[in-house]
Peer 1: 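Here it is: the structure, laid out below.
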Amino acid sequence: SGSWNDGEELVPFIKPPNARPDLLYFSVSMAWSKYQLCLAATMLVTGSINTLSAKWADDFSAEGCHGSAIHKFNHPFLQAVGMFLGEVCCLAAFHIVLCYDRQKPEPQMASARSFNSFIFLPPALCDMLATSIMYIALSLTSASSFQMLRGAVIIFTGLLSVAFLGRKLIVSQWVGIFFTICGLVVVGLADFVSGKSGQGQHLSRVITGDLLIVMAQIIVAIQMVLEEKFVSKHDVHPLRAVGTEGIFGFIILTLLLIPMYYIPVGEFGGNPRGVLEDALDAFCQIGKKPLIVLALLGNILSISFFNFAGISVTKEISATTRMVLDSLRTIIIWIVSLAVGWEQFHWLQILGFLILLIGASLYNGFHKPILERLPWYQSPVVENTERDELLTEKDSINSSP
């Protein structure tokens, strides 16, 4: 299948392998294949479960080691280790699927090609850093604001795609980025008003959490662009790619838990010893309240499917589509958070969410089918010389060796 942007961006990107060479393709078609739709749905559902299960774990309170007082289960780095453990499971699944396919009379999977595993080390490091920061932020702010503010990744992914992938953004995409910025400001204002009026958590904690989320999106955008370049240039199965990143992240972050156990950070650590991460305290709390295991397992299992679907969307469609789907799960998380009483309703959040949706729709060209129904609208036309240059450049990025 061709790795081109059908159904997403309006600028010329990549034509399918069986396309006529003289035909100009615009990625405005909404006709995704069933496989692409399945990947998108899997990413949306499991991504929602992942955030909700992480927030559920943060909401637990239990005694720690040595009879310490009851306190929140605040262990973001240990939860990040669990996330990478879920990614490692994808590598095991890859070998199971590969062995099953080879037993068929006509295997459909291509033979696994050797590649340098360290090409996935940079994305894994970005994933490790961004995930740890976001788990910290999730314990400081609400789940819905957490998810809404993650929409900032569209801005950074778009800019980095222009800078490093050679893409060109049209006017509607720049307008979409502007709306996204406005939506982020409104969501931040909602948190500020709620914190100032005494609703929810303390104002300083909420602001700190919001800033950490936005900062983490820069790292996530870098990760997405790196993955798109690496996955497109190397014929690596998505399960194998996710699992390789998981091994790097799991080993590195597990080793980092040792020095974190001795690094004092005061009240910021959220544990009785006041260190950056107290893994022993986490296991003591799990022993006192076994239900925490269910939340952690939900986090691990959901991230397995979420990362597989996410990196598959990156390869089959594009990194920006992956980011939009990651933003759309906000509505599911927001409804569930309101239903279980984790947060209170605020009209500014609705306004911010709608503005973010408008921004995402404009950026990804979802307004195109509506405009095409207008009799006076004319589709954009690109000169042949410019078209050939763009298609030649992009073919080298997205074709498999």
Peer 1: Can you sort out the partners of Phe248 under ring pair (Phe, Tyr, Trp, His ring centres under 6.0 Å), two or more places apart, ordered by chain and number?
Peer 2: Phe118
Peer 1: Report the residues that fulfil ring pair (Phe, Tyr, Trp, His ring centres under 6.0 Å) with Phe73, sequence neighbours left out, ordered by chain and then residue number.
Peer 2: His75
Peer 1: Between Lys72 (side chain only) and Asp58 (backbone N and O only), is there a donor and an acceptor less than 3.5 Å apart?
Peer 2: no
Peer 1: Are any of the side-chain heavy atoms of Ile155 and Val214 separated by less than 4.5 Å?
Peer 2: no
Peer 1: What is the minimum heavy-atom distance between Ile133 and Ala216, and which atoms define it?
Peer 2: CG2-CB, 3.9 Å
Peer 1: Nearest heavy-atom pair of Ile355 and Phe179: which atoms, and what distance?
Peer 2: CG2-O, 3.1 Å
Peer 1: Do the side chains of Trp342 and Lys55 get nearer than 4.5 Å, heavy atoms only?
Peer 2: yes
Peer 1: With a 4.5 Å cut-off on side-chain heavy atoms, are Met83 and Ile300 touching?
Peer 2: no
Peer 1: In residues 122-131, what donor-acceptor pairs under 3.5 Å come from side-chain atoms, sequence neighbours left out?
Peer 2:
from: Asp127; atom 1: OD1; to: Thr131; atom 2: OG1; distance (Å): 2.9
from: Thr131; atom 1: OG1; to: Asp127; atom 2: O; distance (Å): 2.7

Peer 1: Got a sec, which residues hit side chain to side chain donor-acceptor pair (under 3.5 Å) with Asn271, two or more places apart in sequence or on another chain?
Peer 2: none
Peer 1: For Tyr35, give me all partners under ring pair (Phe, Tyr, Trp, His ring centres under 6.0 Å), at least two apart in sequence or on another chain.
Peer 2: none
Peer 1: Measure across Gly64 and His71 and return the closest heavy-atom pair with its distance rounded to 0.1 Å.
Peer 2: N-CE1, 3.6 Å
Peer 1: To the nearest 0.5 Å, what is the distance between CG on Leu140 and CG on Asp191?
Peer 2: 11.5 Å
Peer 1: side-chain contact (heavy atoms from CB on, under 4.5 Å) between Leu348 and Phe192: does it pass, once the steps are laid out?
Peer 2: CA-CA 11 Å; Leu348 279 176; Phe192 179 81; over 6 Å; no
Peer 1: Are any side-chain N or O atoms of Thr254 and backbone N or O atoms of Ile251, one a donor and one an acceptor, separated by less than 3.5 Å?
Peer 2: no
Peer 1: Indicate yes or no: at least one non-hydrogen side-chain atom of Leu85 is less than 4.5 angstrom from one of Val81.
Peer 2: no
Peer 1: Answer whether the closest heavy-atom distance between the side chains of Leu91 and Arg240 falls below 4.5 Å.
Peer 2: yes
Peer 1: Give the intermediate values and the outcome of side-chain contact (heavy atoms from CB on, under 4.5 Å) for residues Ile177 and Ile181.
Peer 2: CA-CA 6 Å; Ile177 290 178; Ile181 296 175; 4.3 Å; yes
Peer 1: Looking at side-chain heavy atoms only, is the closest gap between Asp210 and Val187 below 4.5 Å?
Peer 2: no
Peer 1: Any pair with a residue in residues 268-281 that passes salt bridge (Lys or Arg N to Asp or Glu O under 4.0 Å), sequence neighbours left out, goes on the list, sorted by first then second residue, please.
Peer 2: Arg273-Asp278
Peer 1: Taking the side chain as C-beta and beyond, is there a heavy-atom pair between Leu356 and Thr180 under 4.5 Å?
Peer 2: yes
Peer 1: I want to check something: taking the side chain as every heavy atom from C-beta on, are Leu256 and Leu253 in contact at a cut-off of under 4.5 Å?
Peer 2: yes
Peer 1: How far apart are the C-alpha atoms of Leu296 and Ile286, what are their side-chain angles, what is the distance that settles it, and do they pass the side-chain contact (heavy atoms from CB on, under 4.5 Å) test?
Peer 2: CA-CA 10 Å; Leu296 296 179; Ile286 293 174; 3.7 Å; yes
Peer 1: Would Trp174 and Phe178 count as a close aromatic pair, with their ring centres under 6.0 Å?
Peer 2: no
Peer 1: Can you check whether Val242's main-chain N or O pairs, donor with acceptor, with Glu245's side chain at less than 3.5 Å?
Peer 2: no
Peer 1: Please check: side-chain N/O of Ser53 versus main-chain N/O of Asn50, any donor-acceptor pairing under 3.5 Å?
Peer 2: yes
Peer 1: Would Phe77 and Ile136 count as a side-chain contact (heavy atoms from CB on, under 4.5 Å) here? Give the steps.
Peer 2: CA-CA 8 Å; Phe77 296 99; Ile136 295 174; 3.8 Å; yes
Peer 1: Return the minimal non-hydrogen interatomic distance between Ser144 and Ser337, and the atom names on each side.
Peer 2: N-OG, 4.5 Å
Peer 1: Please report the interatomic distance CG(Leu212) to CG(Leu138), rounded to the nearest 0.5 Å.
Peer 2: 11.5 Å
